[in-house]
*Asks:* 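Dropping the structure in here first, questions after.
All chains are named by letter (A, B, ...) in the order of the sequence lines, taking the proteins before the strands, and each is independently numbered beginning at 1.
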Amino acid sequence: MIRQHIADILQNTQPGETATICGWVRTRRDSKQGFSFVEINDGSCMKNLQVVIDADVEGYHEHLKDLTTGASVRITGEVKDSPGQGQRVEMQAGNFEVLGLADAETYPLQKKRHSFEFLREIAHLRPRTNTFGAIARVRNAAAHAIHTFFFFFGFLYVQTIFITCSECEGGGSMFQDTTLDLARLAEMKTQLDWSQDFFGKPASLTVSGQLEAETFATSLGPCYTFGPTFRAENSNTTRHLAEFWMVEPEVPFIDLQENMQLAEEFVRGVVSHILTHCADDMEFFNQRIDNTVLEVLHNITQHDFIRVPYTEAIQILADSGQEFEYPIEWGRDLQSEHERFLTEQHFKQPIIVYDYPRSIKPFYMRVNDDGRTVRAMDVLVPRVGEIIGGSQREERLDVLTARMEECGLNPGDYWWYLDLRRYGTVPHAGFGLGLERLIQLVTGMVNIRDCIPFARTPKNAAF
RNA sequence: UCCCCUGUAGCUCAACGGUAGAGCGAGCGGCUGUUAACCGCUAGGUUGUAGGUUCGAAUCCUACCGGGGGAGCCA
């Protein structure tokens with residue numbers, strides 16, 4: 001008999017039908033009167049299926065004790081109306097088979113709440129909990145929504161490189177990638193000879209797919225990349241990972257305003273998709289994790305993001321009368337406390353800050369006519385902060401070259417990137433969205449380390 | 001990287017210079033169409049590591065290691 005998913009049984013199966021399920025025991029309640037309740041979860045949804053096993057079922061007396069929390073089972077039985085509270089239907093077991101035992105004395109997950117700190121230490125088992133099952137399903141829905149959104153609007157999905165030899169963002173923040181025998185080289189105390197390395201020169205893991213995406217956007221039209229990125233920054237916060245997933249659309253023939261429009265519709269589209277496809281999981285997050293989550297998400301789907309030029313944002317902060325740790329001064333970047341004030345207290349909703357001072361932004365952002373600002377934009381959301389960073393790209397060869405030099409970069413290293421301006425240059429724009437920060441926003445989870453299956457942070461790569 | 005907090009039973013915590021406790025979980029028993037089930041009993045700890053102060057250290061001091069929060073950097 002073919003296994004059915006519990007989500008399907010709970011929703012669609014009618015009383016009287018027979019079904020087979022496979023999954024893991026969440027909890028068992030025995031009655032000495034001659035039957036037991038066993039709750040089975042198979043990950044297909046938040047809810048468990050309650051299975052009633054009568055004492056006359058084969059193997060009851062010998063094997064019922066093996067149905068401990070965490071044990072894996074296959075059960076076939078008849079679906080029935082449930083006389084109890086809490087579920088539409090339940091299963092009356094015809095037979096059950098224990099596939100894998102889980103020693104109750106040593107199995108780390110208990111029938112009670114665990115701290116997220118503890119669960120991080122058992123990252124290989126935490127997907128078996130309600131919270132991490134829900135996060136995994138929401139993350140999956142988000143990934144699906146991302147591809148669906150871009151497919152619908154005719155974007156090309158481009159798979160960009162993970163290993164790069166361009167030192168785009170400065171070597172300090174990149175993970176070096178080498179096949180040299182470093183231990184032996186250290187013993188020999190000789191000069192490093194990069195020509196002996198795999199690529200014949202230093203290579204690193206990518207920190208962004210943007211530059212490569214631009215080559216496709218300026219050839220084939222709207223495109224996007226979606227994959228892991230790596231930052232070797234020693235960041236120890238609730239919103240930073242050394243390895244995280246980023247969505248980076250890049251679109252030719254649009255300006256910053258249209259880029260903001262795209263970013264807004266993109267976030268709205270993904271959030272709507274999750275709300276409709278993960279209703280049970282979202283209800284769980286709203287009840288158990290953060291009771292403002294649904295309100296915030298509905299706000300996103302129903303209201304436009306407020307767009308505020310950087311200069312105006314600075315003015316709002318200066319006029320707020322708030323005491324800030326960091327000074328408010330035109331030319332300084334917005335600090336976390338400033339972003340939080342704007343999104344959580346002043347506007348109380350997502351905002352887009354744009355036209356930042358050129359001195360605090362990278363070389364590839366298009367310089368405005370005022371000469372002192374660039375067409376950059378950040379989407380800031382309550383609680384999480386910056387969820388998207390993007391810009392219109394500098395399409396003028398002379399300005400771009402000058403900006404590289406201004407930023408201390410050698411234009412020669414970016415010859416292929418400059419070729420995109422040298423031959424048939426076009427105005428274009430794009431942005432990057434951190435997937436895990438989106439998951440933080442959507443689920444209400446406080447720590448980004450709980451928003452990715454296996455978190456990579458400084459001094460931590462246990463799984 | 002900087003600042004603050006923290007490390008005690010499987011988990012969550014108490015004990016605040018004088019022999020280490022509770023709740024939950026687990027084991028056993030009882031009860032029950034139960035659903036965070038309930039009731040009783042039992043087992044379980046060189047107090048992160050290494051030094052130091054003291055008659056005496058989980059408790060005070062130092063270093064190291066781990067965890068958390070905040071900041072910077074950013075997505």
Side-chain angles (χ1 to χ4, degrees), chain A residues 26-40 47-54 65 68-70 80-87 90 92 102-122 130 169-170 172-173 207-210 228-248 263 288 324-326 332-340 360-362 376 378-381 384-390 431-441 446-452 457-460 462:
Chain A
R26 279 293 174 81
T27 176
R28 186 185 91 224
R29 296 176 292 274
D30 295 329
S31 165
K32 281 292 183 295
Q33 303 296 67
F35 58 94
S36 295
F37 298 101
V38 187
E39 296 222 19
I40 308 296
K47 292 196 182 82
N48 304 323
L49 179 65
Q50 173 164 286
V51 179
V52 182
I53 306 181
D54 283 335
K65 62 173 171 42
T68 56
T69 303
K80 298 178 121 178
D81 283 318
S82 180
Q85 301 290 308
Q87 58 275 322
E90 62 187 22
Q92 186 73 40
D103 181 4
E105 298 239 30
T106 59
Y107 187 62
L109 290 172
Q110 304 170 352
K111 295 186 289 189
K112 58 174 237 176
R113 257 190 97 88
H114 289 293
S115 67
F116 293 131
E117 290 82 357
F118 171 67
L119 291 173
R120 272 172 226 145
E121 293 171 8
I122 49 167
N130 285 334
E169 315 249 336
S173 63
V207 295
S208 164
Q210 179 198 318
T229 49
F230 310 87
R231 306 267 169 100
E233 260 133 26
N234 193 7
S235 298
N236 294 286
T237 78
T238 53
R239 357 174 249 294
H240 289 267
L241 292 165
E243 178 179 320
F244 64 98
W245 280 59
M246 191 152 62
V247 185
E248 294 175 284
R288 305 291 289 270
F324 292 112
E325 190 186 339
Y326 288 84
R332 288 173 179 270
D333 209 349
L334 297 182
Q335 305 297 321
S336 294
E337 55 174 346
H338 306 143
E339 296 180 353
R340 248 183 280 117
I360 56 173
K361 289 294 179 184
D378 285 349
V379 177
L380 309 177
V381 297
V384 181
E386 183 181 346
I387 197 171
I388 283 177
F431 61 83
L433 171 134
L435 179 66
E436 288 74 20
R437 288 192 182 170
L438 179 73
I439 301 301
Q440 268 187 296
L441 170 72
V446 168
N447 199 313
I448 201 167
R449 289 160 210 166
D450 299 324
C451 295
I452 188 168
T457 51
K459 302 270 160 54
N460 193 339

*Asks:* ring-ring contact (aromatic ring centres under 6.0 Å, His included), that's the test. Do A:His338 and A:Tyr326 meet it? Break it down for me.
*Replies:* CA-CA 9 Å; A:His338 306 143; A:Tyr326 288 84; 7.0 Å; no
*Asks:* Determine whether more than 12 heavy atoms belonging to other residues, nucleotides or ligands lie under 6.0 Å from atom NZ of A:Lys361.
*Replies:*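 Atom NZ in A:Lys361 is crowded, with more than 12 foreign heavy atoms closer than 6.0 Å.
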*Asks:* Looking at every strand, decide which applies to A:Gln335 at a 4.0 Å heavy-atom threshold: base, sugar-phosphate, or nothing.
*Replies:*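 Answer is sugar-phosphate: A:Gln335 comes under 4.0 Å of backbone atoms only.
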*Asks:* Checking all strands, does A:Asp30 fall into the base, sugar-phosphate, or nothing category for heavy-atom contacts under 4.0 angstrom?
*Replies:*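 If one applies the 4.0 Å heavy-atom cut-off, A:Asp30 turns out to touch a base.
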*Asks:* Establish, with yes or no, whether the OP1 or OP2 oxygen of B:rG70 is under 4.0 angstrom from a side-chain nitrogen or oxygen of A:Thr238.
*Replies:*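 It does, given that an N or O in the side chain of A:Thr238 lies less than 4.0 Å from OP1 or OP2 of B:rG70.
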*Asks:* For B:rU62 and B:rC13, measure between their P atoms and round to the nearest Å.
*Replies:*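 Result for the P pair: 25 Å, nearest Å.
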*Asks:* How long is the line joining CG of A:Leu334 and C1' of B:rG72, in whole Å?
*Replies:*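 Roughly 14 Å, once rounded to whole Å.
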*Asks:* Taking only the P atom of each, what is the distance from B:rU46 to B:rC5 in whole angstrom?
*Replies:*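 Between the two P atoms, the distance is 29 Å.
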*Asks:* So does A:Arg120 get a side-chain nitrogen or oxygen closer than 4.0 Å to the phosphate oxygens (OP1/OP2) of B:rG68?
*Replies:*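 Answer yes for this pair, as a side-chain N or O of A:Arg120 is under 4.0 Å from OP1 or OP2.
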*Asks:* Extract from the structure each pairing of a protein N or O with an N or O of nucleotides 7-11 of chain B at less than 3.5 Å, listing the distance.
*Replies:*
| residue | atom | partner | partner atom | Å |
| --- | --- | --- | --- | --- |
| B:rG10 | N2 | A:Gln110 | OE1 | 3.0 |
| B:rG10 | N2 | A:Gln110 | NE2 | 3.3 |
| B:rG10 | N3 | A:Gln110 | NE2 | 3.1 |
| B:rC11 | O2 | A:Lys112 | NZ | 2.5 |

*Asks:* Could you work out, with ring-ring contact (aromatic ring centres under 6.0 Å, His included) as the rule, every residue matching A:Phe244, not counting sequence neighbours?
*Replies:*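 Residues passing ring-ring contact (aromatic ring centres under 6.0 Å, His included) with A:Phe244: none at all.
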*Asks:* Select base, sugar-phosphate, or nothing to describe what A:Glu243 touches, counting heavy atoms under 4.0 Å on all strands.
*Replies:*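 Result for A:Glu243 = nothing.
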*Asks:* Quick one: list whatever passes salt bridge (Lys or Arg N to Asp or Glu O under 4.0 Å) with A:Arg29, sequence neighbours left out.
*Replies:*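 If we apply the salt bridge (Lys or Arg N to Asp or Glu O under 4.0 Å) test to A:Arg29, skipping adjacent residues, the hits are A:Glu39.
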*Asks:* Just checking A:Ser36: base, sugar-phosphate only, or nothing, at a heavy-atom cut-off of under 4.0 Å?
*Replies:*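 No contact.
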*Asks:* Please state whether the rings of A:Phe35 and A:Phe37 are parallel, tilted or perpendicular, taking 30° and 60° as the class boundaries.
*Replies:*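 Perpendicular: the ring planes of A:Phe35 and A:Phe37 meet at over 60°.
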*Asks:* Give A:Ile388 one of three labels, base, sugar-phosphate or nothing, depending on what nucleic acid heavy atoms sit under 4.0 Å from its own.
*Replies:*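 A:Ile388: backbone/sugar contact only, no base atoms under 4.0 Å.
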*Asks:* Students often get this wrong, so: under 4.0 angstrom with heavy atoms, is A:Asn460 touching a base, only sugar-phosphate, or nothing?
*Replies:*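 Answer is sugar-phosphate: A:Asn460 comes under 4.0 Å of backbone atoms only.
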*Asks:* Rounded to whole angstroms, how far apart are CD on A:Glu39 and P on B:rA36?
*Replies:*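 In whole Å, B:rA36 P lies 8 Å from A:Glu39 CD.
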*Asks:* How long is the line joining CD1 of A:Ile122 and P of B:rG25, in whole Å?
*Replies:*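 The distance from CD1 of A:Ile122 to P of B:rG25 comes to 17 Å, rounded to the nearest Å.
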*Asks:* Roughly how many Å is it from CG in A:Leu441 to P in B:rA75, rounded to a whole number?
*Replies:*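 Result: 17 Å.
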*Asks:* What stems show up for RNA chain B when you take Watson-Crick pairs (N1-N3 plus N6-O4 or O6-N4) and G-U wobbles (N1-O2, O6-N3), both under 3.5 Å, and require three or more consecutive pairs?
*Replies:*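 The stems that RNA chain B takes part in, listed by first number, are B:1-7 with B:65-71, B:10-13 with B:21-24, B:26-30 with B:38-42, B:48-52 with B:60-64.
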*Asks:* Nearest-Å distance, CG (A:Asn236) to P (B:rG69)?
*Replies:*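 Rounded to the whole Å, the gap is 10 Å.
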*Asks:* Given B:rC74, is OP1 or OP2 found less than 4.0 Å from the side-chain N or O atoms of A:Arg231?
*Replies:*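 No, no such contact exists.
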*Asks:* Can you find a side chain N or O atom of A:Asn447 that sits less than 4.0 Å from OP1 or OP2 on B:rG69?
*Replies:*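 Yes, within the criterion.
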*Asks:* Rounded to the Å, how far apart are A:Phe244 CZ and B:rC73 C1'?
*Replies:*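 Computing the A:Phe244:CZ to B:rC73:C1' distance gives 12 Å.
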*Asks:* Looking at B:rC73, I'd like to know if its phosphate oxygens (OP1 or OP2) sit under 4.0 Å from a side-chain N or O belonging to A:Thr237.
*Replies:*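 No, no such contact exists.
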*Asks:* In terms of the nearest nucleotide of RNA chain B, which residue is placed more toward the 5' end: A:Lys111 or A:Lys459?
*Replies:*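 The residue whose closest nucleotide sits nearer the 5' end is A:Lys111.
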*Asks:* What residues form a salt bridge (Lys or Arg N to Asp or Glu O under 4.0 Å) with A:Asp30, not counting sequence neighbours?
*Replies:*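 Applying salt bridge (Lys or Arg N to Asp or Glu O under 4.0 Å) to A:Asp30 gives A:Arg28.
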*Asks:* If only side-chain N and O atoms of A:Arg332 are considered, is one of them under 4.0 Å from the OP1 or OP2 phosphate oxygen of B:rG72?
*Replies:*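 Result: no.
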*Asks:* For A:Arg120, give me all partners under salt bridge (Lys or Arg N to Asp or Glu O under 4.0 Å), at least two apart in sequence or on another chain.
*Replies:*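 Testing A:Arg120 for salt bridge (Lys or Arg N to Asp or Glu O under 4.0 Å), a comparison that skips the adjacent residues, returns A:Asp450.
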*Asks:* Let me know the distance between CZ of A:Arg449 and P of B:rG66, rounded to the nearest Å.
*Replies:*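 A:Arg449 atom CZ is separated from B:rG66 atom P by 13 Å.
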*Asks:* Reckon A:Gly389 touches a base, only the sugar-phosphate, or nothing at all at heavy-atom distances under 4.0 Å?
*Replies:*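 Result for A:Gly389 = sugar-phosphate.
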